[in-house]
Amino acid sequence: MVLKQTLIPIALVGLLMQAGTEAWAQESPAQPRQQQLDYLLKHDCGSCHGMTLQGGLGPSLLPNLLQQKGHTVDSLSLIISKGVPGTAMPPWGPILADDDIRWIANQLLQSK
Ligand code: HEC
């Protein structure tokens, strides 16, 4: 009986860990959240980087350019989370979840 009670939570943790290592899509925010983040990307990020992200006050965030600069989901997530001190680029870590930030970073690297 005791054994059964402890095995179930362990099995659940195992399942969750398995899900985490599967395709990236499994970790991404739910569809409505993705729409909100897409809006944020166009309007908030777009206010500095341009509505279509070709650049403005901030540099262009188009996939080709970011790839040329050697950016990865990790490097972009770090910049988005911490901002760039001494510039207009604000840190988004205080208001966005890590998953949200990684989703945005992923979006930026994807050609549309
Ligand atoms: C208030 C203006 C402003 C807003 C809003 C803003 N940025 Fe920036 N961002 C900048 C500036 C300015 C830089 C360039 C910093 C520098 O000189 O290195 C920058 C740099 C970046 C870079 C690094 C680009 C590179 O080529 O290395 C990324 C990525 C980025 N921003 C993403 C975002 C995202 C995503 C958002 C929205 C969640 C956002 N920014 C919102 C001003 C802004």
Side-chain angles (χ1 to χ4, degrees):
M1 204 48 205
V2 175
L3 189 65
K4 202 171 175 189
Q5 278 169 349
T6 52
L7 273 181
I8 290 169
I10 289 169
L12 272 177
V13 168
L15 269 180
L16 286 173
M17 282 167 59
Q18 209 180 358
T21 56
E22 274 167 21
W24 180 82
Q26 302 257 328
E27 295 173 38
S28 46
Q31 193 63 35
R33 183 61 179 157
Q34 288 187 17
Q35 275 164 19
Q36 286 172 356
L37 293 173
D38 201 43
Y39 186 89
L40 176 110
L41 189 55
K42 286 203 181 73
H43 295 263
D44 292 64
C45 314
S47 67
C48 285
H49 293 276
M51 270 290 268
T52 50
L53 304 179
Q54 325 93 316
L57 171 62
S60 164
L61 298 179
L62 294 178
N64 291 348
L65 208 78
L66 292 176
Q67 276 155 18
Q68 267 173 35
K69 292 183 179 177
H71 275 303
T72 60
V73 171
D74 284 340
S75 72
L76 293 174
S77 299
L78 196 70
I79 292 174
I80 298 166
S81 175
K82 306 288 176 213
V84 183
T87 76
M89 174 62 187
W92 295 85
I95 54 166
L96 293 176
D98 284 353
D99 279 354
D100 290 348
I101 290 175
R102 289 188 73 80
W103 186 84
I104 290 175
N106 232 294
Q107 285 295 104
L108 291 179
L109 286 174
Q110 249 145 64
S111 325
K112 304 239 161 74

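FYI, side chains are in, hydrogens and waters are out, and symmetry mates aren't considered; it's all heavy atoms of this structure. Just so you know, ligand 1 is whichever comes first in the structure, and atom 1 is the first atom listed for that ligand.
- Among all protein heavy atoms, the one lying closest to atom 13 (C) of ligand 1 is P59 CD, 3.5 Å.
- Inclusion of C45 in the first shell of atom 8 (Fe) of ligand 1 is not supported: no N, O or S atom falls under 2.8 Å.
- Under 4.0 angstrom from ligand 1, the non-hydrogen atoms of I104 all belong to its side chain.
- One option in K69, M89, H71, H43 has a heavy atom closer to atom 32 (C) of ligand 1 than any other, and that option is M89.
- Put simply, the side chain of S75 gets close to the backbone of T72: a donor and an acceptor are under 3.5 Å apart.
- Residue L65 does not touch ligand 1, judged by heavy-atom distances below 4.0 Å.
- No continuous path of hydrophobic side-chain contacts links L57 to L41 [ILVMFWY only; heavy atoms under 4.5 Å].
- For ligand 1, the polar-atom distance check finds an N/O of H49 within less than 3.5 Å of one of the ligand's N/O atoms.
- Close approach of ligand 1 to C48 is summarised as follows: ligand atoms under 4.0 Å from at least one heavy atom of the residue are 1 (C), 2 (C), 3 (C), 4 (C), 5 (C), 42 (C), 43 (C).
- Closest of all the heavy-atom pairs between A105 and S77 is CB-OG, 3.5 Å.
- Checked for salt-bridge contact, D98 and R102 miss the test: no charged N lies under 4.0 Å from a carboxylate O.
- Ligand 1 places these atoms under 4.0 Å from at least one heavy atom of D44: 5 (C).
- A distance of 8.5 Å separates OG in S28 from CG in N106, rounded to the nearest 0.5 Å.
- Set against the non-hydrogen atoms of T87, the atoms of ligand 1 under 4.0 Å away are 15 (C), 16 (C), 17 (O).
- Interface atoms of ligand 1 facing I79, defined by a heavy-atom separation under 4.0 Å, are 22 (C), 23 (C), 28 (C).
- Not one N or O on the side chain of Q54 forms a donor-acceptor pair closer than 3.5 Å with the backbone of S60.
- The minimum heavy-atom distance between H49 and P59, with the atom names listed, is ND1-O, 2.8 Å.
- Atoms CG and CG, on D74 and L78 in that order, are 8.5 Å from each other to the nearest 0.5 Å.
- Heavy-atom proximity to L76, at under 4.0 Å, picks out these atoms of ligand 1: 29 (C).
- If you number the atoms of ligand 1 from 1 as listed, the ones under 4.0 Å from a heavy atom of P90 come out as 3 (C), 4 (C), 6 (C), 7 (N), 43 (C).
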